[in-house]
Protein chains: 2
Amino acid sequence: MTVTLADVAARARVSPATVSRVLNGNYPVATATRERVLRAVDDLDYVLNGPASSLAAATSDLVGVLVHDLADPFFGIMAGAAQSEIGGQEGTGRAGGEKLAVVCSTGGSPERELTYLTLLQRQRAAAVVLTGGAVEDPAHTAAMTAKLGRLAAAGTRIVLCGRPPLPEPDQAVAALAFDNLGGGRRLTEHLVALGHRRIGYIAGPVGRTTTRHRMQGHRAALAAAGLGGGAAEQDRLTVHGPYDRRSGYDAAGELLRREPALTAIVAANDTVALGACAALRDRGLRVPEDVSVAGFDDLPFSADAVPALTTVRLPLVEAGARAGRLAMGREAPPPGGIATVPADLVVRASTARPPGGG
Amino acid sequence: MTVTLADVAARARVSPATVSRVLNGNYPVATATRERVLRAVDDLDYVLNGPASSLAAATSDLVGVLVHDLADPFFGIMAGAAQSEIGGQEGTGRAGGEKLAVVCSTGGSPERELTYLTLLQRQRAAAVVLTGGAVEDPAHTAAMTAKLGRLAAAGTRIVLCGRPPLPEPDQAVAALAFDNLGGGRRLTEHLVALGHRRIGYIAGPVGRTTTRHRMQGHRAALAAAGLGGGAAEQDRLTVHGPYDRRSGYDAAGELLRREPALTAIVAANDTVALGACAALRDRGLRVPEDVSVAGFDDLPFSADAVPALTTVRLPLVEAGARAGRLAMGREAPPPGGIATVPADLVVRASTARPPGGG
DNA sequence: TTGAAAGCGCTACCAC
DNA sequence: GTGGTAGCGCTTTCAA
């Protein structure tokens, strides 16, 4: 039925071993022989059997890319960049060393994260890229560390992208950590410098590194300006929620209820910021004249949606691409296996001063 | 080194065959035996070898999902919905029948589309979902038809999502086609009904079904209103470009240059519409008071970015999920293998009348 | 209900 | 440079 490597060998009048060598291009093969084999491949329309190949070679050409949410452009952009490094190799075009990137959406669920890792382990994946913040639960962290250790031991390359290094840094794991803390700090410093004193904070979901680091940066900036105000006050001006528009909308309403004299809102990311802006508009408040809004991530549509939005730019494409290259072993790991990706402030309007003057 | 099924069998004091049966749950196994096997699996931390399994069974648990651009939320949303149907099965948790969705970003390149299909064919994928418009090149269409035919013959399920059926409809291929023509027609009918007479059109990339169908709808509406104006005039008010923001920005500028008295612009999709709006703003024109803008796809951020945007809603989540179920064989194919997904008009502001009154 | 054993198609080692 | 061939780890008849 299906054409096998043996069929190709027969037609080319060579041994299966030679066909394999031609296809993999690992060993020297006489030019004439190679051409005969390639012609036979074309004639028979032969397609390599991946599973058989992976079984024999004890490794597959699959590379897993885990994201929290495919529908979120934050992840789409990173995953797309990683994938084009992984799969964009234009090999021989036939059966060359193309890798297949497997993008898996965990929905932010720890269980599914582990499930996908098991699935990838089962497939003997060549590498795994984990994007986005990590869940900060001791049990889950332990499970992840163990699982990643086993993957690494089996020869799978591990790359963390936009996620801090493992608690026990592993030589086999490369980490590209985003400077979420620094970005959060600079964002709030900027608002404080403009004269804002009552700033609400819409945080991401609890128990995530990203959420915690951005919030730490925010609070550090407040503290440095003498605006800390104690734990109770900080919590009063903080609302947690998922990284979506609706969460931002609801949270902004809640913040205004708790503190009607708010002059600025910092959101966990741009999508949340958009929702917050909508909530403000619906209450007849203008952005940024009445209330300034700041976001995070600088997604492509942010500037259109909120021209005055102040935000933080994370180099998603660059980071994703670098993660892809690390996964392919095509770039040297950073010193110590850890690199920090900068998070730069993007100021879109100088008008974002508090209503009373600043 | 690595734990194999034989190791599990030895520890559970059964044959490898029995372990296999327990893991796959296809054959009856005595409860006591099953439990012994499962305990051994846990004790040894056994993970099934996917390639070996796929080789022996002649099918893998991979499902390919092809998209044009992962960074585009249009595809992210569809792919995410498909993936959660495909991989969200919560099997035994151990080695159950979980499928692994492989999201592949082709960048809109016909070659990469074929390359990915070959890669998936090589992996003996259980199913393939093709999303987004098809490239309308006879050679490519023929190549695709042949390739899909071979995949189908090898037992791979094929699902088209947001793409018209193949020229020679194949029983083995299920198609969920978007009503791009109808959506485009209704959009322009709406503008015409408001009194617009000089309407610019920013089309998608040439040679794509989506581009052509949306444009056909637009032109049909113009013709029905007696505003057709001849081929030359239609071409004068049409500019093609990729589905991104920059393209919309540039195209809007070009359209205004060609026809300064434009009162409305219809864009190929919302992202393009956003760019067009930015271009209008930069020229001191207000949307929609001076120029109305219409988009397509109704992405989540569209309303925030352009509150007055008139657009067309495609049920991306529903379509993606349905495609996922079709790929899993968990939903009966539509009659004739073809279903049309509706495209509904979304009107966000009734103020979008032409400046002169209408 | 369980075991024995024959492959699945390919790779890589060892000869020549 | 090329051929022979022994597995890789699993599934699946066929018997028991």
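Since this is a predicted model, take the numbers as computed values, not measurements. Below, all heavy atoms of this structure are taken into account, side chains as well, without hydrogens, waters or symmetry copies.
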**Request:** Please state how far atom CG in B:Asp7 lies from atom C1' in D:dC8, giving the value in whole angstrom units.
**Result:** 14 Å
**Prompt:** Does a side-chain N or O from A:Ser53 land closer than 4.0 Å to OP1 or OP2 of C:dT11, or not?
**Reply:** yes
**Asked** Below 4.0 angstrom from OP1 or OP2 of D:dG3, is there any side-chain N or O of A:Thr18?
**Response** yes
**Message:** Mind checking if B:Ala30 touches a base, just sugar-phosphate, or nothing, with heavy atoms under 4.0 Å?
**Reply:** sugar-phosphate
**Request:** Please check if the side chain of B:Ser53 supplies one atom and the backbone of B:Asn49 the other of a donor-acceptor pair under 3.5 Å.
**Result:** no
**Asked** With sugar-phosphate meaning primed atoms plus P, OP1 and OP2, does A:Val19 contact a base, only sugar-phosphate, or nothing at under 4.0 Å between heavy atoms?
**Response** nothing
**Item:** Nucleotide C:dC8, atom P - distance to CD of B:Gln123 in whole Å
**Value:** 20 Å
**Request:** Provide, to the nearest angstrom, the distance between the CG atom belonging to A:Leu5 and the P atom belonging to C:dT11.
**Result:** 6 Å
**Nearest to side-chain heavy atoms of B:Ala52, which nucleotide of D:dC10, D:dG3, C:dG9** = D:dC10
**Asked** What is the distance, rounded to the nearest whole Å, between atom CZ of B:Arg124 and atom P of D:dC10?
**Response** 20 Å
**Fill in**
Ranking D:dT12, C:dT11, D:dG3 by distance to the side chain of A:Ala57, first place goes to C:dT11
**Request:** Round to a whole Å and report the spacing from OH of B:Tyr27 to C1' of D:dC10.
**Result:** 14 Å
**Request:** Considering just the side-chain nitrogens and oxygens of B:Ser20, establish if one lies under 4.0 Å of OP1 or OP2 belonging to D:dT11.
**Result:** yes
**Side-chain N,O (B:Thr33) to OP1/OP2 (C:dT1) below 4.0 Å** = no
**Request:** For the pair B:Glu113 and B:Arg163, find out whether any cationic side-chain nitrogen is under 4.0 Å from an anionic carboxylate oxygen.
**Result:** yes
**Length of the line joining A:Asn26:CG and C:dC10:P, which is rounded to integer Å** = 15 Å
**Message:** For D:dG3, does the base pair up with any side-chain atom of A:Arg21 as donor and acceptor (N or O, under 3.5 Å, distance only)?
**Reply:** yes
**B:Leu148 side chain reached by B:Leu117 side chain, heavy atoms, under 4.5 Å** = yes
**Asked** If you measure from the Lys or Arg side-chain nitrogens to the Asp or Glu carboxylate oxygens, is any gap between B:Arg322 and B:Glu85 under 4.0 Å?
**Response** no
**Request:** Figure out the CG/C1' separation between A:Asn49 and D:dC10, and round it to whole Å.
**Result:** 13 Å
**Prompt:** Roughly how far apart are A:Ile86 CD1 and A:Asp61 CG, rounded to 0.5 Å?
**Reply:** 12.0 Å
**Asked** A:Leu55 has an atom CG; how far is it from atom P of C:dT11, in whole Å?
**Response** 11 Å
**Request:** Please determine if a side-chain N or O atom of A:Ser15 lies less than 4.0 Å away from the OP1 or OP2 oxygen of D:dT2.
**Result:** no
